[in-house]
Amino acid sequence: MAADRSNWKRTHYCGELRPAHSGQDVVLMGWVHKNRDMGNLVFVDLRDREGLVQIVFRSDKAALIEEAKRLRTEFVVGVRGTVRPREAKNKDLATGEVEVEAKELKLFAASKIPPFAVADPPQASEELRFKHRYLDLRRPAMQRNIRLRHEAALRVRNFLSGKGFYEIETPFMTKSTPEGARDYLIPSRVYKGRFYALPQSPQILKQTLMISGFDRYFQIVRCFRDEDLRADRQPEFTQIDIEMSFIDREDLFVVIEELMASVFELIGEKLTLPFPKLSYKETMEKYGSDKPDLRIHLEMKDLTAIGKDLSADLLKNIFAAGGELKGLLLPGAGSLSRGQLDKLGEKAKSFGAKGLIWIKKQDGFKSSLRLAESEFESIWAALGGGEGDLGLLIADKKETGLKALGEIRRTWPQEKAGNKRDFKFAWVTDFPLMEWSDEEGRLVSMHHPFTSPLDEDMGLLEKEPARVRAKAYDLVLNGIEVGGGSIRIHDTELQRKIFSVLGLTPKETEEKFGFFLEALTYGAPPHGGIALGFDRLVMILAGEESIREVIPFPKTTSALCLLTNSPSEVSDRQLAELGLKLK
RNA sequence: GGGGUCGUAGUUCAGCUGGUUAGAACGCCGGCCUGUCACGCCGGAGGUCGCGAGUUCGAGUCUCGUCGGCCCCGCCA
């Protein structure tokens with residue numbers, strides 16, 4: 001029978017008791033973490049969101065100790081008692097210098113035996129953790145992560161509000177747009193056959209708010225994309241969405257850098273500002289990625305010029321087909337075995353390369369490619385190699401070589417180890433405005449269709465749109481894209497032209513974006529902004545490897561919620577009301 | 001859509017080239033215990049080997065399918 005707690009008021013959290021509280025009468029409420037029954041002496045570890053404290057039940061209260069003996073893990077109880085210094089301290093516990101000698105105990109709720117222990121690290125599969133997420137979330141690590149998430153959001157709000165930004169809501173029930181990810185759709189009951197869409201981002205509406213003169217907007221907002229999941233991708237995720245009028249890129253960089261500095265103070269990190277800037281071209285050529293992990297110091301080299309003087313026929317054919325020769329030096333890796341080199345070759349192939357050339361210098365050159373000594377010397381000099389090093393070369397289409405070597409660079413174990421609390425931010429700028437999509441058979445926006453081209457590339461828009469660079473930028477941290485944005489188009493005619501280059505017919509353009517194009521004609525200020533991936537940011541702050549660890553109720557990689565069992569079927573009646581029929 | 005990997009007691013796992021009654025630890029239940037904190041000691045219960053076919057005298061083990069977890073490619077303006 002659950003006890004009545006109406007006349008009890010909690011005085012402290014379990015986790016906050018310290019020697020200074022000694023002698024005080026306290027009332028605690030919490031979950032039984034552990035029960036140690038010594039016969040005529042019972043210890044109970046009581047847990048709440050702030051931590052654990054030991055409760056002791058002594059034999060001079062016979063009825064009380066009998067109650068305490070019946071407590072089991074995860075029972076919810078209230079305890080009234082006196083804080084005392086402990087006879088034996090426990091230095092592994094923040095409250096380990098004190099205990100609470102119980103005078104009264106109230107059982108509020110019993111618990112079934114939990115399917116896994118509420119303890120760090122979790123001794124249960126993610127599957128089981130998701131099914132009983134309410135238990136998983138009781139773990140101190142999860143309580144800490146969710147609290148950190150709250151504190152980060154609060155910092156963002158306080159910082160941006162202090163800089164004159166308004167937090168403004170935009171609708172979740174909005175309009176499907178043809179560009180970008182797959183939409184989640186909401187059928188309209190009132191207008192059968194018509195659908196709202198959940199926003200992939202509030203992009204057009206935040207730009208509309210700029211046209212409305214709000215000048216500085218932000219929103220910590222859920223976004224929805226019906227695409228496949230990853231460790232850092234959920235179908236619904238949270239963005240810090242930001243937009244500003246009358247700015248250029250540098251103005252925004254400053255605001256975001258200061259925002260990051262403020263947020264990282266939460267974990268005691270002092271960031272060095274400003275963040276380095278890399279052009280897209282530069283980062284692709286040096287690191288083979290548009291989100292380089294700058295904790296890794298390895299850089300790729302272009303060896304095409306040297307390669308063209310080499311005798312190998314293999315290379316001649318590739319160069320004739322327009323290929324390039326890219327190289328990556330791995331210091332100290334000259335001792336790798338043939339099997340390990342083969343594994344690297346397999347990895348390169350899995351990223352599309354046709355082969356991997358290796359050269360090592362250990363008592364002379366050894367290589368998978370037959371070359372003259374002087375040729376090895378010139379390659380080695382270009383790579384900056386020394387005795388005992390390994391050089392990896394890929395001769396292929398430029399993008400293929402960069403990507404494959406970039407992957408080897410990114411995952412090179414000697415470089416990855418032990419630098420979790422090293423935070424290397426960078427801005428990647430000057431992305432291509434558009435890229436060719438084989439699937440769609442047309443050019444598609446690399447960022448989104450509202451991104452402004454670089455002024456100096458504007459002339460290329462008609463004839464060579466694929467070469468136009470954009471006023472777009474990504475914020476990258478330790479190999480993770482934590483944000484992306486751009487200076488937007490605020491001119492109706494330019495915006496129409498972009499849609500047309502992207503292959504949208506005037507009719508489609510009008511149907512999907514007509515309202516926005518019209519809004520642009522009523523005095524749109526120059527503006528730009530960014531969206532930061534809030535889940536990813538909190539994940540990094542928390543030192544986690546997956547955003548599922550910082551989202552209270554995440555979905556599995558197959559987009560199921562194991563707690564609620566969604567998605568689920570609905571009744572025929574619900575379908576009929578919406579005018580829907582299943583095929 | 002594709003590739004990889006995993007699924008055995010409540011949990012985490014072991015289970016060899018197919019062969020008696022499928023094991024361990026933790027947890028759970030009962031008993032004892034006045035300073036434990038991974039409490040200890042004694043005793044006990046607990047299994048649709050994810051599911052379904054197939055091969056075989058015989059399947060946890062082999063094959064196929066299917067469901068589910070995780071990682072990756074594609075996809076993610």
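Throughout, protein chains are lettered first and strands after them, A, B, ... in sequence-line order, and every chain is numbered starting at 1. Note that these values count all heavy atoms, side chains included, but never hydrogens, waters or copies made by symmetry.
Note: A/Phe224 and A/Phe237 fail the aromatic proximity criterion, with ring centroids not under 6.0 Å apart. In this structure, the ring of A/Trp31 has its center no less than 6.0 angstrom from the ring center of A/Phe75. Aromatic rings of A/Tyr184 and A/Tyr196 (six-membered ring for Trp) have centroids beyond the 6.0 Å cut-off, not under it.
For the pair A/Ser558 and B/G68, the criterion of a side-chain N or O lying under 4.0 Å from OP1 or OP2 is not met. The side chain of A/Arg230 contributes an N or O atom lying less than 4.0 Å from OP1 or OP2 of B/C73.
The stacking criteria are not both satisfied for A/Phe116 over the base of B/U11, which would need a centre-to-centre distance under 5.5 angstrom and an angle between ring planes under 30 degrees.
Mapping A/Ala124 and A/Pro449 onto RNA chain B via the closest heavy atom, the residue that lands nearer the 5' end is A/Ala124.
Here the options are A/Gln495, A/Arg488, A/Glu493, the test is side-chain contact (heavy atoms from CB on, under 4.5 Å), and the partner is A/Asp491; only A/Glu493 passes.
Taking only distance into account, the side chain of A/Arg233 meets the base of B/C75 through a donor-acceptor pair shorter than 3.5 Å. Interface remark: the A/Arg86 side chain does form a donor-acceptor pair with the B/C37 base, using a distance-only criterion of under 3.5 Å.
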Salt bridge (Lys or Arg N to Asp or Glu O under 4.0 Å) between A/Arg129 and A/Asp136, worked out: CA-CA 6 Å; A/Arg129 291 172 53 202; A/Asp136 191 40; 2.9 Å; yes
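Using a 4.0 Å heavy-atom distance criterion, A/Glu87 is classed as a base contact. Within the 4.0 angstrom heavy-atom criterion, no nucleotide atom of any strand lies near A/Phe450. If you check every strand for non-hydrogen atoms under 4.0 Å, A/Arg129 touches nothing. Residue contacts shown for A/Arg442 are absent, as no nucleic acid heavy atom lies under 4.0 Å away. Nucleic acid contact class of A/Gln123 (heavy atoms, under 4.0 Å, all strands): sugar-phosphate only. Among the protein residues, A/Leu560 comes within range of the sugar-phosphate backbone only, with heavy atoms under 4.0 Å from sugar or phosphate atoms but none that close to a base. Using a 4.0 Å heavy-atom criterion, one finds that A/Ser59 contacts the bases of the nucleic acid, with or without backbone contacts as well. Within the 4.0 angstrom heavy-atom criterion, base atoms lie near A/Gln203. Heavy atoms of A/Glu101 sit nowhere under 4.0 angstrom from any nucleic acid atom. Within 4.0 Å of A/Asp37, counting heavy atoms only, lies at least one base atom of the nucleic acid.
Pairing partner, B/G52: B/C64, with both Watson-Crick or wobble hydrogen-bond distances short of 3.5 Å.
When distances run from any side-chain atom of A/Pro115 to the nucleotides B/U36, B/C37, B/G10, the shortest one goes to B/G10. Taking every side-chain heavy atom of A/Thr557 into account, B/C71 is the closest of B/G30, B/U36, B/C71. In the set B/G74, B/U36, B/G69, the nucleotide with an atom closest to the side chain of A/Leu562 is B/G69.
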